[in-house]
Each structure stands twice: as C-alpha cells, then as structure tokens.
Amino acid sequence: MMKSKVFIAKKIPREVEEYLARYCEYRKWDSDEPISRAQLLEEVKDIEGLLITGGKIDRELLDHAPKLKVVSNISVGYNNFDLEAMGERKVLGTNTPSVLDDTVADLIFGLMLAVARRIPELDRFVKEGRWQKCSDEPFWGIDVHHATLGIIGMGRIGEAVAKRAKYGFSMEVLYYNRRRKPEVEESLGVHYRTLEQLLQEADYVVLMTPLTPESTGLMGPHEFSLMKKNAIFINASRGETVNEEALIAALEKGQIWGAGLDVFSQEPVDPGNPLLKMPNVVTVPHIGSATAKTRFAMAMLAAQNLVKALQGEVPPNLVEELRV
Ligand code: DGY
C-alpha cells in the first residue's frame, strides 16, 4: 500500500520519527529555528498530513495544500486552527491533551512560589554579592499555603492545579469556567464563583483558559482593578487572553502585587517590554509543558493522531469543534 505523504514542521524525537516512518513517507524541518511561513506554504503542496506546533492553519495554507487531510498539533492549544475553514474543507485537526497536565500544573505552582517568595529577585541579590546585612525584612514575601486560589478555566490542567493547591498547600480553591462543573466541585471541594467574585476574593489568580474569541482579552483594566492589592496573577494560557497594556498598568499602579508569566502577547517577547524590567514579575519563555518526558509524550501522541487520521479512522484527539 502507498504510504501517505507527511510534513513534520517541528523537530521531534528520533523514536517518534521511527514510528511515523512505519506508516508514512515524510519530509521534515530539521532546524531549531521555527520554519518560515513561505517555506511552510511550499512544503504543504503535496502532503496529506502535517505535524506542527503553533503555525497558523488558515485559508491561505489550506489553499496551498489541496491534498491535506489532517493537521496534528503537538500542543494542547489549537488556537492556530481556523476551525471554520478546516471544517469547510473537511481537514481534521488534533491536539495533545492530558499528557501535559501535571507538567504544566507544576510550572504554574513554580511561578506562584517564585513570585510570592521573590525567588528570582533574591537569587540575583545573593549571587551579586549584595547579601551583607542580617535583617531580612526587605525580602519578606507572602504565603502560598492557606491562601485563596482562583482558577479561571477549570479544564484538566486547572484540576491538576487545584489538587496541588488543596492537598499540598491547604488552599481554598475557587474557580470560574464557562460551564459549571459540579462533579469537580464534589471530587475536589472547589467552589464556583462568577469571574468578578473570583477576582475580588482570590489571593492568586491563575488564568488557564484556552484562547477562543470569547477569552481574547478576558483580563482587561476592569478585571485587574477588581483584584486585591496583594494578589498575584499567573498566566499560563496564551498571551492574547490578557490585555497586556492593562496588566502593565495594574503592576505599575500597584493594583496587584506581582505576576508570573509563561506567555506574552508577542512571542518571543520584545526585550523592551516593560514587564521584563519589573522585579515583581517572573517570566519564562512559554515552557509550561517543556520537560523531556512530557514533550516526548506529546510528540508521540501527535504522531499517533496523525497516523490514525491518515488510516481513515477518527483520531483519538480530534478537536471537538471538528467532530461530526
Ligand atoms: C500547549 O500545549 O498548548 C502549550 O502551550 C505549547 O504550545
């Protein structure tokens, strides 16, 4: 049987490539630099399957790829999909849920602790030889344990964060979600709040919602103004869920205590972005799921989704908007 033609637009582990080789004929992008749009449009001309992270799958790309049957994202987020255009052309789209939940939840907790206890700021202080007096009052932070956590977006990752908060840090956990989740309230003892109530009550606000038209700019000037003065804001979703100017203004005005950010409205972030100059803001370069084990699991799952779709089956992680 003829093997389907596939393009792999991102470096993947050798074992995953070997798995794909059993089912597909493939070309691959083999650089650490992201593939350019022009190159991607060239590469998709004759393929049936595309393995990718983040590149826009829009009408322009679909026009260049008349044989395309499936786009398999190596990511849980799929805001790069133009779902309407893909639906019209019957191109399937898949993502990699579940395998990264605990890894992203760990990073979220790392950011909470780092901001609250000022770890990066104090690390610089020690390493720069500025630790000369014994009073530690200027270094005091705020507690994570027993504080109130508000999770915006109670999906699988939200639940993994809630478990850590409840069982590891004795926190009170509130959540806001498009759909109320009585089963999670029951199993984890978390409490539903409206967005406004959550922002007013939480000491830590964790934003973990997928990027959709409804969640774009969800956190704006009004939302930040509702937060407590000593509250910490964490974003590990997508940069566009936050109005970044409003976040900067809230931090500059001292409306909130600090922020931990894995994502930015522009990535890689502009080195001149004021957020990078603020000691009470801890930043990482969109690495929520970046451990070797999890990235391997994501690449393998994405490859399996791709193969299943090319075999004419419903792939296990077909995104819900494209299910018929
Ligand atoms: C995801 O899986 O969506 C991560 O944010 C990486 O893009």
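Both counts, for ligands and for their atoms, begin at 1 and track the order of listing.
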The single option from Asn177, Ile108, Val161 passing side-chain contact (heavy atoms from CB on, under 4.5 Å) against Met208: Ile108
As a quick check of understanding, evaluate side chain to side chain contact (heavy atoms under 4.5 Å, CB included) for Phe7 and Leu51, giving each step before the final call. CA-CA 6 Å; Phe7 182 64; Leu51 197 67; over 6 Å; no
Here the gap from Glu43 atom CD to Lys28 atom NZ, rounded to the nearest 0.5 Å, amounts to 12.5 Å
Is Arg156 salt-bridged to Asp102, cutoff N-O under 4.0 Å? no
Let me know which protein residues bring a heavy atom to under 4.0 Å of ligand 1; chain then number is fine for ordering. Ser75, Val76, Gly77, Leu100, Arg238, His286, Met298
Phe81 CZ to Leu92 CG distance, which is reported to the nearest 0.5 Å: 9.5 Å
Using 4.0 Å as the upper bound for N to carboxylate O, is an ion pair formed by Lys166 and Glu172? no
